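Reading through the C-alpha cells given below for one structure.
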Amino acid sequence: NPGFFSFQFNQTCDTERITLSSDKLDVSTTSYKKTVKTETERIASLTNPVIHAEAKCDPAIKMLTEALDQFVFKSNNKWSIIGGIPWLSSLTRDNLHATGGLLAAGRDEVVYDILLNAAATEHEGLLNETLTGQSVPAGQIENPLRLITSVKAYIEATGNDKILSQQAQNNRSLVDVITTIFETFTTRIFNAKQICVDNVTGFLYAPPCHSWMNTQKPTATPRSGYPIEIQALWYQALGALSTIVPELKDRTTKLSKNIEENFIPHFWDKDQYYLIDLLHCQHNLPCNQAIATNGLRSNQLAAVNANLVSTKIAFQAIKNISEYLVIPGGVRTLAEEQLNAPLDVLNEHGEPLVDAFMPYQGQCKGNETERRVAYHNGTAWSWIYSDFIQARAFSDGNTTLAINQSLAFFEALWAKFDKGAIGTLSEMLDGDAPHAPRGCFAHAVSIAEALRVYMHLRYTLLPESIKTQKKEKINLSISKEVQ
C-alpha cells in the first residue's frame, strides 16, 4: 500500500515545500536548504574513495557510484545492500555478488560487514538466504563460493588480511568458516543427496534448484548435476583458498588441476561451438554418468571469465552468444532454439506449462507462475551484460583494440539510465523486442557488475595493454635495427 497524505496550502505564500526523509529527522526543525546542501555534498563525495585518480572525474564512474549508493543501508549498525527496488530484500547472494562493484567504488567498509555477516550464517556449508531479518537457510551453492572469492578480492583491494581472524560465528573466525565450507563439500560421501565433489573430475555436484536459476512453484530450471557456472565459481574459490588458507594449498591445487584437465572434454560442444550449460544427473551420480544438455545459455560466460577456456574457444563461444543471446543492455538466459532433450516445466497438477522442446519465453509478463517460467528461459538479465563485455575483451586477447571495442558496448547500458527508472538499471528485460524492462526497476547487482567490469577494463586492463603495446613496438624496433 503506497499510502497517501494531504495538506492545505498557505494562501499567503507563493510556494510550499514538502520534505520527505527516510532518516529520523524532525522536519519541523530541519532546514530544507541545509538538508539539500548536506546531501548534495555527500553524493558529490561518493567518488572520493575510488582508487584511480582519473576515474574520479569519469562521468560513467560518477553515475554508477551514485546509483549503487541507493542500495546501501545500515541495519543494527552493520552495512548491507538491498537487492532491488521495490521488492527485493537484503539477499545474501545479491550482497556477495555486489562486492566487486562495491570495492571498485571504494566502499570497503560495506564489503567488510557483508563478508562477516554472511559468514555468520554458515550452516553445513551453506549460508542464509538473507543477511537481515529472519534466518532462512538457502540452498544456493553460489553463496558460499562467492563468500570465498569475495574475501580474496577484499584482501587484494584493501591489504587488510586481518579480516580473516575476525570473529564471524560462535567464536569461529572468518577463515574458520571458509575452511569449514571447503571441508564440508570435499569430505562428504558421494552417494549422499547433497553438494559434494566428483572424485575424478573435481567438479562440484549440485542438487536440483541449487544454482541461481532456482525458481520453484513451478520448478522451471532445476539443473541438477554439474552446472557450468558453479564449476567456474568452484574453480575460482579453490584458487582463492590456496592463497588465503595456505594449509589447504596442496588439496586445492590438486582439485584445480583436475578441473582444468576435465573441463573442455566435458563442457565444450565441438559441433555447436559453445559451452554446455549443464551435465545433468540426479542423486549425485559421478560426472561420467551425467548427460550433456543442449540449449545455448548465458551461464557459460562465467567459465570464460574464470579463465577456464582458451581465447580460441572463448572467441567461438562469444560469437554464438553475440548472435543469439545478446540484446541492447542485456543477455538472454536461453536461445530461441529447439532442444534435443525436453525441459519439463509442470504445474502442481503435473500439466506442462511450456513446450518441453521449445521452452524459450520471449516476454516476462503475466501472473507469477508465468513470470517464473520466463525468468531463466529467455528473459534477459542486465547484470549478465557486463559479464559479456568482460568475456568479449578476453576472447580477443585483452588487447588495446579488444578492450576499447568491448568498452563501446557499455553505451547500450548508459542509454538505459535515461529510460524506465531514471538513473539506474532494471533487473531484467524481455528477450523479445522491444525488450521492455522487467523485474525490479532498480537492481543492485546490475549496477555493481557494470561498475566492476567498467573499472577493470577502463582503468586496469586498458593501461596495461597500452604499456604492453608500446613495449612490443620498442622491441620490434630494436629487432629491426639489429637485423
Side-chain angles (χ1 to χ4, degrees), residues 206 208-230 266-282 290-303 316-385 387-388 427-439:
C209 299
H210 271 56
S211 74
W212 80 281
M213 292 183 166
N214 63 342
T215 50
Q216 299 183 52
K217 296 180 181 180
T219 301
T221 42
R223 302 179 76 227
S224 61
Y226 303 88
I228 188 168
E229 81 283 5
I230 296 301
H266 284 86
F267 279 100
W268 178 241
D269 190 326
K270 60 181 183 296
D271 297 320
Q272 300 292 331
Y273 295 107
Y274 60 68
L275 290 160
I276 294 163
D277 183 68
L278 172 70
L279 303 177
H280 173 64
C281 64
Q282 297 283 4
I291 299 170
T293 60
N294 80 321
L296 179 66
R297 287 191 181 272
S298 55
N299 295 309
Q300 60 189 295
L301 289 168
Q316 293 172 320
I318 291 298
K319 185 178 179 181
N320 264 311
I321 293 170
S322 300
E323 184 171 355
Y324 297 108
L325 296 181
V326 174
I327 66 169
V331 182
R332 295 186 183 102
T333 43
L334 177 66
E336 188 176 5
E337 64 179 7
Q338 195 84 6
L339 303 183
N340 61 5
L343 175 61
D344 294 314
V345 183
L346 310 175
N347 63 18
E348 63 271 23
H349 306 297
E351 300 165 337
L353 294 171
V354 297
D355 182 342
F357 289 95
M358 181 60 85
Y360 174 83
Q361 303 293 298
Q363 292 183 312
C364 185
K365 64 179 186 178
N367 60 37
E368 189 171 10
T369 296
E370 292 168 329
R371 297 197 308 274
R372 284 179 174 176
V373 171
Y375 281 159
H376 307 123
N377 287 315
T379 297
W381 289 66
S382 300
W383 69 264
I384 307 177
Y385 187 75
D387 284 18
F388 160 75
E427 184 181 13
M428 298 175 280
L429 305 161
D430 279 342
D432 286 353
H435 311 300
R438 303 291 183 183

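Both backbone and side-chain heavy atoms feed into the values below; hydrogens, waters and symmetry mates do not. Nothing here was measured: the structure is a model prediction, and the numbers come from that model.
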- Item | Residue list, salt bridge (Lys or Arg N to Asp or Glu O under 4.0 Å) with Glu229, at least two apart or on another chain | Arg223
- Item | Which residues share a side-chain hydrogen bond (donor to acceptor under 3.5 Å, both in side chains) with Arg371, sequence neighbours left out | none
- Polar side-chain atom of His376 near backbone of Thr221 as donor-acceptor pair, under 3.5 Å: no
- Is there side-chain contact between Ile291 and Cys281, with heavy atoms separated by less than 4.5 Å? no
- Message: Run the side-chain hydrogen bond (donor to acceptor under 3.5 Å, both in side chains) test against Trp268 and tell me which residues pass, sequence neighbours left out.
- Response: none
- Nearest 0.5 Å please: distance from the CD1 atom of Ile276 over to the CG atom of Leu296. 11.5 Å
- Message: Filter on side chain to side chain donor-acceptor pair (under 3.5 Å), then keep only pairs touching residues 331-342, sequence neighbours left out; what's left?
- Response: Arg332-Tyr360
- Note on the structure: Residues passing the salt bridge (Lys or Arg N to Asp or Glu O under 4.0 Å) test with Asp387, sequence neighbours excluded, are Arg452
- Do the side chain of His280 and the main chain of Leu278 share a donor and acceptor less than 3.5 angstrom apart? no
- Residue list, side-chain hydrogen bond (donor to acceptor under 3.5 Å, both in side chains) with Lys319, at least two apart or on another chain: none
- Item | Glu323: partners by salt bridge (Lys or Arg N to Asp or Glu O under 4.0 Å), with sequence neighbours left out | none
- Provide the closest heavy-atom pair for Tyr324 versus Ala335 in the form atom of the first, atom of the second, distance. CB-CB, 4.2 Å
- Message: So for atom CG, which belongs to Leu346, do other residues, nucleotides or ligands contribute more than 12 heavy atoms lying within a distance under 6.0 Å?
- Response: yes
- Item | Nearest heavy atoms of Tyr375 and Thr215, plus distance in Å | CD1-CG2, 3.5 Å
- Shortest non-hydrogen separation from Leu275 to Ala303 and the atoms involved: CD1-CB, 4.2 Å
- Item | Closest non-hydrogen atom pair, Thr379 against Ala374 | OG1-O, 2.7 Å
- Task: With sequence neighbours excluded, tell me which residues meet salt bridge (Lys or Arg N to Asp or Glu O under 4.0 Å) with Arg438.
- Result: Asp430
- Can you name the closest pair of heavy atoms from Glu370 and Gly366 and give their distance? OE1-CA, 3.1 Å
- Within a strict 4.5 Å, meaning less than it, do heavy atoms of the Gln316 and Tyr274 side chains meet? no
Which donor-acceptor pairs under 3.5 Å do the side chains of residues 348-356 make with protein atoms, sequence neighbours left out?
unit_1 : atom_1 : unit_2 : atom_2 : d
Glu351 : OE1    : Asn347 : ND2    : 2.8
Asp355 : OD1    : Phe357 : N      : 3.0

- For Gln272, enumerate each residue passing the side-chain hydrogen bond (donor to acceptor under 3.5 Å, both in side chains) test, keeping only those at least two apart in sequence or located in another chain. none
- Query: Among all residues two or more places apart in sequence or in another chain, which pass the side-chain contact (heavy atoms from CB on, under 4.5 Å) test with Ser382?
  - Reply: Ser426, Leu429, Ser446
- Task: Find out whether Thr369 and Arg372 are in side-chain contact, i.e. whether some heavy atom of one side chain is under 4.5 Å from a heavy atom of the other.
- Result: no
- Item | Euclidean distance, Met358 CE relative to Leu334 CG, rounded to 0.5 Å | 9.0 Å
- Message: Show the nearest heavy-atom pair for residues Ala380 and Gly330, with the distance to one decimal.
- Response: CB-C, 4.1 Å
- Message: So, taking the atom named CZ in Phe388 and the one named CG in Leu301, what distance separates them when rounded to the nearest 0.5 Å?
- Response: 7.5 Å
- Which pairs with one or both residues in residues 290-303 pass side chain to side chain donor-acceptor pair (under 3.5 Å), sequence neighbours excluded? Trp212-Asn299, Asp277-Asn299, Arg297-Asn377
